[in-house]
Protein chains: 2
Amino acid sequence: MLHCVMSDQSLDVVDISGTHQRKRSSVTCAECRLNKICLPIALNSEELDRLDDVIQRDRAQEKGDYLYHMGDSFKTLYAVRSGSFKTYMVSECGVEQITGFYLPGDVMGIDGVAQGRYTNHAVALEHSAVCRVPYSQLESLSQVMPTLQRNIFRIMGCEITREQKMMTLLGSCTAEQKVASFLLSLSRRKAERGLSSTNIHLTMSRGDIANYLGLTIETVSRLFNRFKKRNILSIDNKSIVINDLDILSSCVSPEREAV
Amino acid sequence: MLHCVMSDQSLDVVDISGTHQRKRSSVTCAECRLNKICLPIALNSEELDRLDDVIQRDRAQEKGDYLYHMGDSFKTLYAVRSGSFKTYMVSECGVEQITGFYLPGDVMGIDGVAQGRYTNHAVALEHSAVCRVPYSQLESLSQVMPTLQRNIFRIMGCEITREQKMMTLLGSCTAEQKVASFLLSLSRRKAERGLSSTNIHLTMSRGDIANYLGLTIETVSRLFNRFKKRNILSIDNKSIVINDLDILSSCVSPEREAV
DNA sequence: CGGCGCCTTGACTTGCATCAAAAGTAGTGG
DNA sequence: CCACTACTTTTGATGCAAGTCAAGGCGCCG
């Protein structure tokens with residue numbers, strides 16, 4: 001158990017301040033601009049303080065840093081504070097499948113709840129930061145804080161719903177619908193966070209997008225450029241501007257008259 | 001809270017016995033042979049009794065009966081007691097996607113947790129029976145029964161992991177791998193329930209299987225018959241015998257020498 | 001016994017994967 | 001600051017797995 005705790009705890013604390021005042025080194029949940037979409041939703045201020053007490057705020061993750069690996073013993077949930085992450089699983093036969101992209105306010109690590117081991121790898125797509133939430137303490141807290149328990153249920157429920165929609169996308173949509181859908185989903189999620197819904201900076205590679213959507217890199221690239229030629233998108237490498245959200249939306253539904 | 005109890009309670013009770021002795025009309029959780037794979041895992045006998053008190057045991061569902069509809073207000077979880085069900089969602093553009101098949105001991109309705117409304121339809125594939133678990137009471141109970149809370153977390157976690165594996169299957173597998181995988185999954189689940197892992201009676205149609213796997217009916221039919229020609233399966237309409245589990249397993253991994 | 005779903009089988013088409021190569025971008029070190 | 005290397009993305013040519021279309025068979029139920 002020690003080896004895991006080691007990597008989970010307070011490394012950054014010493015690094016940053018040289019002292020042990022963990023809580024003051026960073027923004028609290030109460031102050032966090034994400035507390036309306038993150039774990040703390042609807043908690044009162046006393047509850048917020050108690051949650052705060054168990055949460056550790058990490059030093060930054062660099063691009064390519066792993067938060068956890070598939071098979072690691074599950075002890076911690078991670079809330080994205082800034083930046084972005086991807087999670088992926090590797091099947092017995094060695095096939096990698098990206099299972100999600102995570103933005104600030106999203107909670108990662110839930111995949112470990114079922115078996116006590118993470119079933120995914122989680123890796124930073126850019127310079128990022130997370131809050132670490134020790135799961136055992138979260139469980140105990142949620143025993144006395146119904147709202148917190150409900151939030152955990154809700155977050156897990158959202159994950160289930162999201163993945164079910166993903167099944168529809170993967171199972172019965174064309175490449176064009178998949179790519180359009182992916183961009184619209186990013187757009188919506190940015191809007192929910194109060195950010196631009198039309199100017200998107202992709203932190204993942206074309207290969208990541210392709211893998212996530214069950215396509216090849218070439219197909220994703222071609223689709224991006226097809227949308228560009230139709231003036232639906234402007235593309236400059238990783239920077240994408242959605243010129244017309246409505247037309248892009250119309251690409252998602254199967255039947256459309258306009259070619 | 002009353003309005004919820006109304007729709008959930010004791011309809012069948014009156015039907016069956018004409019009296020109000022709900023609990024005696026059927027097997028309790030403590031007696032149920034599924035209590036090792038269902039909600040009650042690891043509960044002690046006092047806890048079992050308390051869970052029992054909130055669970056309602058339903059009269060039978062006929063094939064085609066809906067347990068709930070997409071959009072219905074979420075108030076109840078359903079544990080399959082006998083028979084089987086499918087759940088499916090309908091996207092804005094009208095595309096149906098089957099999201100799961102449920103066997104005895106499985107819990108349905110979790111998709112409603114996130115938004116307070118079911119995001120799926122749930123329909124019986126054959127003559128079946130369920131236990132109804134009022135969600136609000138389950139929430140309250142799990143506040144005082146840590147093991148129960150953990151079971152709910154675990155069940156939701158399993159659902160997440162299952163769906164992530166499904167994403168791999170849908171995104172990066174051939175039709176043959178999908179069909180083999182589907183049959184092996186049914187086989188394994190039957191084995192977990194102490195039933196034959198080689199003799200499978202399909203309660204869903206070819207169309208259901210095709211939809212679930214992101215294929216067409218024709219492709220599923222062809223694959224079944226290809227496996228039959230190779231002597232991996234024996235097929236008689238809805239009855240399937242897996243003649244060689246190992247060979248079928250070898251069909252799932254992408255690279256294999258045997259053609 | 002006749003009609004209606006469900007399933008199978010065959011012929012044909014196509015969307016996307018594959019293969020290949022060029023162009024662009026980023027990181028490194030002299 | 002530029003040259004070199006390595007990686008990512010784009011673009012084109014070709015092939016194939018699975019979809020579509022169509023017809024026929026089988027089983028079930030009134």
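Each chain gets a letter, A, B and so on, in the order its sequence line appears, and its residues count up from 1.
- The pair B:Arg222-B:Glu218 does not count as a salt bridge, with every side-chain nitrogen at least 4.0 angstrom from each carboxylate oxygen.
- More than 12 non-hydrogen atoms from other residues, nucleotides or ligands lie less than 6.0 angstrom from NZ of A:Lys190.
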Report task. Just do the salt bridge (charged side-chain N to carboxylate O under 4.0 Å, His left out) check on B:Arg162 and B:Glu159 with the steps written out, would you? Result -> CA-CA 5 Å; B:Arg162 178 184 74 80; B:Glu159 191 75 12; 2.9 Å; yes
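- Remark: B:Ile232 pairs with B:Phe227, B:Arg230, B:Ile247, B:Leu248, B:Cys251 by the side-chain contact (heavy atoms from CB on, under 4.5 Å) rule, at least two apart or across chains.
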Could you list all N or O pairs between the protein and nucleotides 20-24 of chain D that sit under 3.5 Å apart?
{"unit_1": "D:dT20", "atom_1": "O4", "unit_2": "B:Arg222", "atom_2": "NH2", "d": "3.0"}
{"unit_1": "D:dC21", "atom_1": "N4", "unit_2": "B:Glu218", "atom_2": "OE2", "d": "3.1"}

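- Among residues at least two apart or in separate chains, salt bridge (Lys or Arg N to Asp or Glu O under 4.0 Å) pairs with a member in residues 202-214 of chain B are B:Lys86-B:Asp208.
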Requested in this report: Sugar-phosphate means primed atoms, P, OP1 and OP2; the rest is base. With that split, encode nucleotides 25-30 of chain D 5' to 3' as B, S or - using protein heavy atoms under 4.0 Å.
Outcome: ------
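- For A:Ile209 and D:dT10, the CD1 to C1' distance is 14 Å, given to the nearest whole Å.
- Partners of A:His127 according to the ring-ring contact (aromatic ring centres under 6.0 Å, His included) rule, which considers only residues two or more places apart in sequence or in another chain, do not exist here.
- Taking five base pairs at each end of the helix from C:dC1-D:dG30 to C:dG30-D:dC1 and finding the rotation axis that steps the C1' atoms of four pairs onto the next four gives two axes whose angle is 40°, to the nearest 10°.
- Distance CZ (A:Arg226) to P (D:dT11): 13 Å, rounded to an integer number of Å.
- Residues meeting the ring-ring contact (aromatic ring centres under 6.0 Å, His included) test with B:Phe224, sequence neighbours left out: none.
- With sequence neighbours left out, the side-chain contact (heavy atoms from CB on, under 4.5 Å) criterion links A:Lys63 to no other residue.
- Contacts of B:Thr203 classified as side-chain contact (heavy atoms from CB on, under 4.5 Å), with partners at least two apart in sequence or in another chain: B:Ser84, B:Leu125, B:Glu126, B:His201.
- Of all nucleotides in DNA chain C, those with any atom nearer than 4.0 Å to a heavy atom of chain B start and finish, going 5' to 3', at C:dC7 to C:dA11.
- For A:Tyr68, the ring-ring contact (aromatic ring centres under 6.0 Å, His included) test picks out A:Tyr78, A:Tyr118, with sequence neighbours left out.
- In this structure, CG of A:Leu223 is placed 15 Å from P of D:dT9, rounded to the nearest angstrom.
- Taking atom CE on A:Met204 and atom C1' on D:dT9, their separation rounds to 16 Å, with Å as the unit.
- If you check every strand for non-hydrogen atoms under 4.0 Å, B:Lys228 touches nothing.
- Going from atom CE of A:Met156 over to atom CD1 of B:Ile160 covers 4.5 Å, rounded to the nearest 0.5 Å.
- Here the C1' atom of nucleotide D:dT9 and the CZ atom of A:Phe224 are 11 Å apart, to the nearest Å.
- When heavy atoms are screened at a 4.0 angstrom cut-off, A:Lys178 is found touching no nucleic acid atom at all.
- Between the side chains of A:Gln164 and B:Asn120, at least one donor N or O sits under 3.5 Å from an acceptor N or O.
- Nucleic acid contact class of A:Leu215 (heavy atoms, under 4.0 Å, all strands): sugar-phosphate only.
- Here B:Val241 pairs with B:Asn199, B:Ser234, B:Asn243 under the side-chain contact (heavy atoms from CB on, under 4.5 Å) rule; sequence neighbours left out.
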